[in-house]
There are 2 protein chains.
Amino acid sequence: MTISIYDGFMPDSYPAPARFPVTVDVVALTILGGALHVLLITRLLEPFRGTLALPGGFVLAAEDLVAAARRELAEETGVEQVPGHLEQLGSYGPAGRDPRGDVLTVAHLLMAPNFPVLAAGSDAEHAAWYPVGNVMDGSLELAFDHRQILDDAVERAKSKLEYSPLGAAFCGEEFTIAQLRAVYEAVWGTRLDPRNFHRKATGTPGFLEDTGQMFMGDAGRPAALFRLAPAARASAGQPTRAVLNPPLMRPHG
Amino acid sequence: MTISIYDGFMPDSYPAPARFPVTVDVVALTILGGALHVLLITRLLEPFRGTLALPGGFVLAAEDLVAAARRELAEETGVEQVPGHLEQLGSYGPAGRDPRGDVLTVAHLLMAPNFPVLAAGSDAEHAAWYPVGNVMDGSLELAFDHRQILDDAVERAKSKLEYSPLGAAFCGEEFTIAQLRAVYEAVWGTRLDPRNFHRKATGTPGFLEDTGQMFMGDAGRPAALFRLAPAARASAGQPTRAVLNPPLMRPHG
DNA sequence: TCAAAAGTGTTCCGCATACACCCATGC
DNA sequence: GCATGGGTGTATGCGGAACACTTTTGA
């Protein structure tokens with residue numbers, strides 16, 4: 001067996017390996033009116049001009065992937081510091097996903113509390129929240145393979161809720177148990193028993209921290225306000241099993 | 001807000017976006033002598049010449065990521081059809097992980113039964129199995145950020161065993177319950193109760209299929225031979241929750 | 001007969017599920 | 001008072017953990 005020119009790096013005299021444009025795409029999810037929503041832009045250029053697509057753009061030289069995703073999000077929403085939890089989802093391509101050539105994209109998942117998207121001028125790609133359900137049932141079309149990426153992102157979000165404290169990433173800094181439950185119900189598309197959810201959420205050590213404050217809703221008894229406990233906050237990124245073990249089970253299958 | 005030249009694709013008149021060399025790296029895991037092993041090559045070229053590294057190489061034009069990983073594995077092991085389950089793990093870079101510049105790598109995870117690696121000639125990078133424990137405890141050094149990638153891969157493998165039937169990917173086509181249990185014990189680094197594991201494995205609908213054959217070991221009663229049930233085989237790649245629900249729990253935390 | 005490993009039965013208990021019930025607010 | 005939602009108590013049952021016990025081979 002001989003050494004292929006593509007095995008590891010080669011001396012300068014060897015032909016250079018193929019180079020690819022690399023983009024980051026972001027599946028930004030949030031809860032709006034009890035339903036899961038995704039941030040989409042309307043493309044201004046060909047291909048797929050006028051079609052909805054995930055926000056994203058090219059990775060710059062010497063730039064990290066998550067940093068690139070964060071930068072693109074800020075640029076396309078007009079929001080300096082986008083809130084929520086951002087993590088890498090997976091890579092797609094480079095073959096056969098763009099009509100103009102090989103483009104590798106690294107998709108990211110943002111689980112965020114609802115934040116207002118700044119309306120851009122008419123010459124900029126306009127970002128806005130769209131119900132995920134409208135993409136799933138086919139009433140909204142997405143450019144490129146973004147439908148597939150969205151599917152994967154939603155599936156990832158669903159499973160994240162089971163064994164990680166990241167459901168709270170959809171809430172603000174402080175939230176009630178009912179608000180947290182609404183997140184689980186929206187993402188999983190199910191109803192959960194309020195009483196049992198309350199016990200599980202408050203009873204899991206290292207998950208929630210009582211702020212001592214109260215939240216007055218439209219009706220009914222005021223609810224206690226919670227925040228993420230430091231332990232859960234620290235473990236947000238890592239593949240931890242420290243909290244929510246055994247996991248919060250999503251019903252059925 | 002104006003349109004950045006990096007937002008989406010630009011007309012030909014705009015400057016081209018940065019292009020990156022893209023590699024695929026493969027963390028090939030298997031069980032040898034009851035311990036988790038990883039496939040490593042010894043680098044023949046700078047940088048990290050003489051250091052152990054994950055097998056991998058550059059993605060070709062118009063090539064898919066998993067296909068590239070499969071091709072590189074075949075090239076560097078001399079094995080035409082590498083067995084086991086191959087999936088994408090995640091992407092690393094492009095910033096700050098290679099002394100010579102920005103290289104994006106897409107890491108992959110192979111969970112495979114033990115297969116012999118063909119000894120390459122002295123001029124080729126030689127692939128061989130090494131105990132994962134020897135990397136973890138620092139007695140083996142890896143090139144680039146491959147230590148980090150290995151850590152992530154092992155963690156992924158651990159969690160895969162919990163809720164997917166992919167533990168069987170470490171076994172051959174047919175296997176006994178004890179062999180399957182040895183996989184779980186090696187990956188998780190724990191001991192499992194043989195009796196309870198047997199009940200859980202055989203009792204999970206859609207997981208295992210009895211071949212009717214028997215396997216004679218060194219001592220003791222012969223064990224029944226099983227294979228993956230069709231349902232589990234089909235769901236191998238997808239984020240399924242069809243089998244192993246509730247999951248096989250790994251002890252403690 | 002004994003060792004060793006396969007496989008079954010049984011007990012215990014934590015926790016998910018379901019739901020009755022009480023608490024605290026606005027109207 | 002009544003409606004509405006927050007929060008607690010409690011019974012039931014599934015399934016994981018632990019382990020006694022039987023089965024089937026080789027030596």
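None of the values given here were measured: they were computed from a predicted structure. In what follows, chains are A, B, ... by sequence order, proteins preceding strands, each numbered from 1.
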* To do: Could you check how far OH of B:Y184 sits from P of D:dG16, rounded to whole Å?
  => 13 Å
* Taking CZ from A:R181 and C1' from D:dG7, how many angstroms apart are they, rounded to a whole number? -> 11 Å
* To do: Check the angle between the aromatic planes of B:Y184 and B:W188 and answer parallel, tilted or perpendicular using the 30° and 60° thresholds.
  => perpendicular
* Pick one: which of B:T105, B:D25, B:D145, B:D152 meets side chain to side chain donor-acceptor pair (under 3.5 Å) with B:Y92? -> B:D152
* To do: Return the value, rounded to whole Å, for the distance between atom CD of B:Q179 and atom P of C:dG7.
  => 11 Å
* To do: Using atom CH2 of B:W188 as one end and atom P of D:dG16 as the other, report the distance to the nearest whole Å.
  => 11 Å
* **Nearest listed nucleotide, side chain of B:A219, among D:dA18, C:dA4, D:dT24** => C:dA4
* Asked: Taking atom P of C:dA5 as reference, at what distance in whole Å does atom CG of B:D218 sit?
  -> 8 Å
* To do: Walk me through it: do B:L142 and B:L40 pass the test side-chain contact (heavy atoms from CB on, under 4.5 Å)?
  => CA-CA 9 Å; B:L142 298 191; B:L40 299 174; 3.7 Å; yes
* Structure fact -> Comparing A:A178 with B:G217, nearest DNA chain D nucleotide closer to 5' gives the residue A:A178
* Structure fact -> When rounded to whole Å, the CG to C1' distance for the pair B:L225 and C:dA6 reads 13 Å
* Asked: Any side-chain heavy-atom pair from B:V154 and B:V27 closer than 4.5 angstrom?
  -> no
* Proximity to the side chain of A:R221 - top-ranked nucleotide from C:dC19, C:dG7, C:dA24 -> C:dA24
* Asked: Distance check: side-chain N/O of A:K200 vs OP1/OP2 of C:dA16, anything under 4.0 Å?
  -> yes
* Structure fact -> Out of D:dG9, D:dG7, C:dG7, minimum distance to the side chain of A:R199 belongs to D:dG9
* For atom CD of A:E185 and atom P of D:dG5, their distance in whole Å -> 13 Å
* Looking only at side-chain atoms of A:R195, point me to the closest of D:dT8, C:dA24, C:dA6. => D:dT8
* May I have the distance from B:R191 (atom CZ) to C:dA5 (atom P), rounded to whole angstrom? => 11 Å
* Looking only at side-chain atoms of B:D193, point me to the closest of D:dG7, D:dT24, D:dA18. => D:dA18
* Asked: With a 4.0 Å cut-off, would you call A:R147 and A:E141 a salt bridge?
  -> no
* Look at B:H198 and C:dA6 and indicate whether a side-chain polar atom (N or O) is within less than 4.0 Å of OP1 or OP2. => no
* Starting at the 5' end of DNA chain C and moving along, which residue's nearest nucleotide shows up first, B:F226 or A:M214? -> B:F226
